[in-house]
Q: 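One structure coming up, written as structure tokens, with questions to follow.
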Protein chains: 2
Amino acid sequence: MQRSAPFFPITVQDYQKLVDDYDTWMFDCDGVIWKGNMPTEGAAEVLTFLRSKGKKIIFVTNNPTHSRETFKKKFARMGVEVAVDEIFSSAYASAVYISSVMKIPKEKKVYVIGMHGIEEELKEQGISVCGGTDPADNTLELVDTEIGNPSDVAAVLASWDSSINYTKLSKAFQYLTHNPDCAFFSSDDDLTYPVEGGVLFLGTGALSSMIRYALGREPVSFGKPSKTMFECIAAKHKIDPSRTVMIGDRLDADIAFGKNCGVATMLVLTGVASLADVSDIAPIMPDLVIPSIGDLRILSHSTS
Amino acid sequence: MQRSAPFFPITVQDYQKLVDDYDTWMFDCDGVIWKGNMPTEGAAEVLTFLRSKGKKIIFVTNNPTHSRETFKKKFARMGVEVAVDEIFSSAYASAVYISSVMKIPKEKKVYVIGMHGIEEELKEQGISVCGGTDPADNTLELVDTEIGNPSDVAAVLASWDSSINYTKLSKAFQYLTHNPDCAFFSSDDDLTYPVEGGVLFLGTGALSSMIRYALGREPVSFGKPSKTMFECIAAKHKIDPSRTVMIGDRLDADIAFGKNCGVATMLVLTGVASLADVSDIAPIMPDLVIPSIGDLRILSHSTS
């Protein structure tokens, strides 16, 4: 289902066709279901409605700061009951890839630029971590940038980290420069992420750019738009791509992800992208555009 | 004096010709005169010899963390007497440009990612700064990323900062996204810098890449290879480019700088670049290559 220009559903019939066309609904979270800690109006109601119609719901987030358990609690606070295995985060995809595909030896570690959530997911997959939340690496003093034996660390995994600092960046850079076999991973490539009030903050892709730029080497990235995330989903859920839609607020992450996975794509305008971004010359074009997932309430209201 | 392949002085006569050919000797510091806190063997002796021959000596450093006064003290510790007006740093060039060329209004500020040295140079040129060493901006807690009125800040100046953190990066990014008139400057573009033991650390260019990457906008950079630095030098010293040589350890910064300024270029191998980097296909080729500036002692020894 490729169109040169996106379709804008307006009528109840347009929306009804959407629900008829797709069995699996994959949702991005930030900018779609919520913005920071503010739920999108009507999101909970729409998710409940889709479940009542027997739709499979999957959440696909590039936010690597929380574990899936923490996301489940965030959903609950917003009035949405979600099972852990419906949540696919870039932290989880990173951990699954590093343990199952890379098969990192038991005695080796992963140096993490990141927070508690990604550490938790890595540990749950049996991976030893260093860096991350270690107090020694969370300092503004350049007390200790020694890395010991570089070959103890099999990979550097960069992800979003509110405690980003020179010690963490230095250590990650040293591991990568002193050990050519050290793999370089990024949980995701998002340059920015939206919070309340339309403010953009720097994302993982911006933070990891320091290392990629100085190193002259690109990391393998797990988040959207990488197909790795879809392979994780497909390993746990039976999915027919022709009956699946990916809904997101970013062309470069969500819509590109949907296209890479061969599913239909729907852009919402409650996050990063605006209507101006889907002009004739946009390099990535969604199949469908709606203002907000809250607009799907047109169906629950019309059928209630 | 452009050659397709560099010339490697070997004999006393080769070195003597060098001294005869150039009246002004511009030296990079890190990787040439010293590496971290370790002086290059023979550097002090060579500088004394060149001064004894009536040569004008100028130091051109992209290290933006020290003021020129602090550099003068560092030279003194290494046994070299240097006048402040012989030192041109990227911090000084930034301050001169922002005050004299940009002519920033008195009531506006510059938001600094950087340390004490660059703040000092800015203040000396009458520029009001924010960020920098302000304790409120030197934290790993995301306590306050509010920026007040974005139009109060006329420019963001990114430079090397061992206390780089998310608050500073966020504030800089907010000023630039909320105020399209906010200028974006970088003290220099060095990706890395060498310390003792051949270890490379991340440089200003790597740190500022976070913002340039997320913003999709390149900063105006003052350090080498930008000609702005040479304009600063030429404003203070009478220089004949045809009788001037630039000596440095980096092709992308020092040798490119020399070429941009129309002076002869000499690479030393005591820093970042190695002999392998001046192969036939090197995009930037120095006119001359010597192992170390210490090798110029061949002259002081032969004439003493």
Side-chain angles (χ1 to χ4, degrees), chain A residues 36 65 113 115 133 135 137-143 145-147 150 158 160-178 186 189-218 252 272, chain B residues 36 65 113 115 133 135 137-143 145-147 150 158 160-178 186 189-218 252 272:
Chain A
T65 62
I113 294 177
M115 299 172 75
T133 58
D137 290 29
N138 286 274
T139 171
L140 288 180
E141 305 295 318
L142 284 183
V143 280
T145 51
E146 288 295 320
I147 58 162
W160 196 84
D161 191 338
S162 67
S163 296
I164 189 85
N165 64 70
Y166 201 81
T167 295
K168 276 189 193 176
L169 290 165
S170 283
K171 287 192 178 179
F173 187 60
Q174 302 304 314
Y175 283 119
L176 290 162
T177 46
H178 291 305
S186 178
D189 279 337
D190 286 7
L191 291 177
T192 56
Y193 72 97
V195 293
E196 293 99 308
V199 175
L200 289 181
F201 272 71
L202 296 170
T204 300
L207 302 188
S208 68
S209 70
M210 285 193 276
I211 298 171
R212 73 212 303 169
Y213 196 57
L215 201 64
R217 183 172 153 197
E218 290 295 309
D252 55 351
V272 171
Chain B
T65 61
I113 294 176
M115 300 173 75
T133 58
D137 291 28
N138 285 274
T139 171
L140 288 180
E141 304 295 318
L142 286 183
V143 280
T145 51
E146 287 295 320
I147 57 163
W160 196 84
D161 191 339
S162 68
S163 295
I164 188 86
N165 64 68
Y166 201 82
T167 296
K168 277 188 192 175
L169 290 165
S170 283
K171 287 192 178 180
F173 186 61
Q174 303 305 314
Y175 285 119
L176 290 162
T177 45
H178 291 305
S186 177
D189 279 337
D190 286 7
L191 291 178
T192 56
Y193 73 97
V195 293
E196 294 100 307
V199 175
L200 290 180
F201 273 69
L202 296 169
T204 300
L207 301 188
S208 68
S209 69
M210 283 193 278
I211 298 170
R212 72 214 300 172
Y213 195 58
L215 202 63
R217 182 173 154 197
E218 289 297 308
D252 56 350
V272 171

Q: Non-hydrogen atoms of chain B under 4.5 Å away: do they reach the side chain of Asp161(A), the backbone, both or neither?
A: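 When you check distances to chain B, only backbone atoms of Asp161(A) fall under 4.5 Å.
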Q: At a heavy-atom distance under 4.5 Å, which candidate from Arg212(A), Lys168(A), Gln174(A) has the highest pair count against chain B?
A: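 Counting heavy-atom pairs under 4.5 Å, the top option is Gln174(A).
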Q: Answer whether the closest heavy-atom distance between the side chains of Tyr213(B) and Met210(A) falls below 4.5 Å.
A: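 A side-chain contact is absent here, since even the closest heavy-atom pair is not under 4.5 Å.
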Q: Is it the backbone or the side chain of Glu141(B) that comes under 4.5 Å from a heavy atom of chain A, or both, or neither?
A: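 Answer is neither: Glu141(B) stays 4.5 Å or more from chain A.
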Q: Got a donor-acceptor contact below 3.5 angstrom from the Tyr166(B) side chain to the Leu202(A) backbone?
A: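 Present.
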Q: With respect to chain A, which residue among Ile164(B), Leu169(B), Thr177(B), Ile211(B) yields the maximal number of heavy-atom pairs within a distance under 4.5 Å?
A: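 Most heavy-atom pairs within the cutoff with chain A belong to Ile164(B).
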Q: Could you grab the distance from atom OG of Ser163(B) to atom CG of Leu142(A), nearest 0.5 Å is fine?
A: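 Result: 7.5 Å between the selected atoms.
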Q: Given a strict heavy-atom distance threshold of 4.5 Å, which part of Thr139(A) is in contact with chain B: side chain, backbone, both, or neither?
A: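 Just the backbone, heavy atoms under 4.5 Å.
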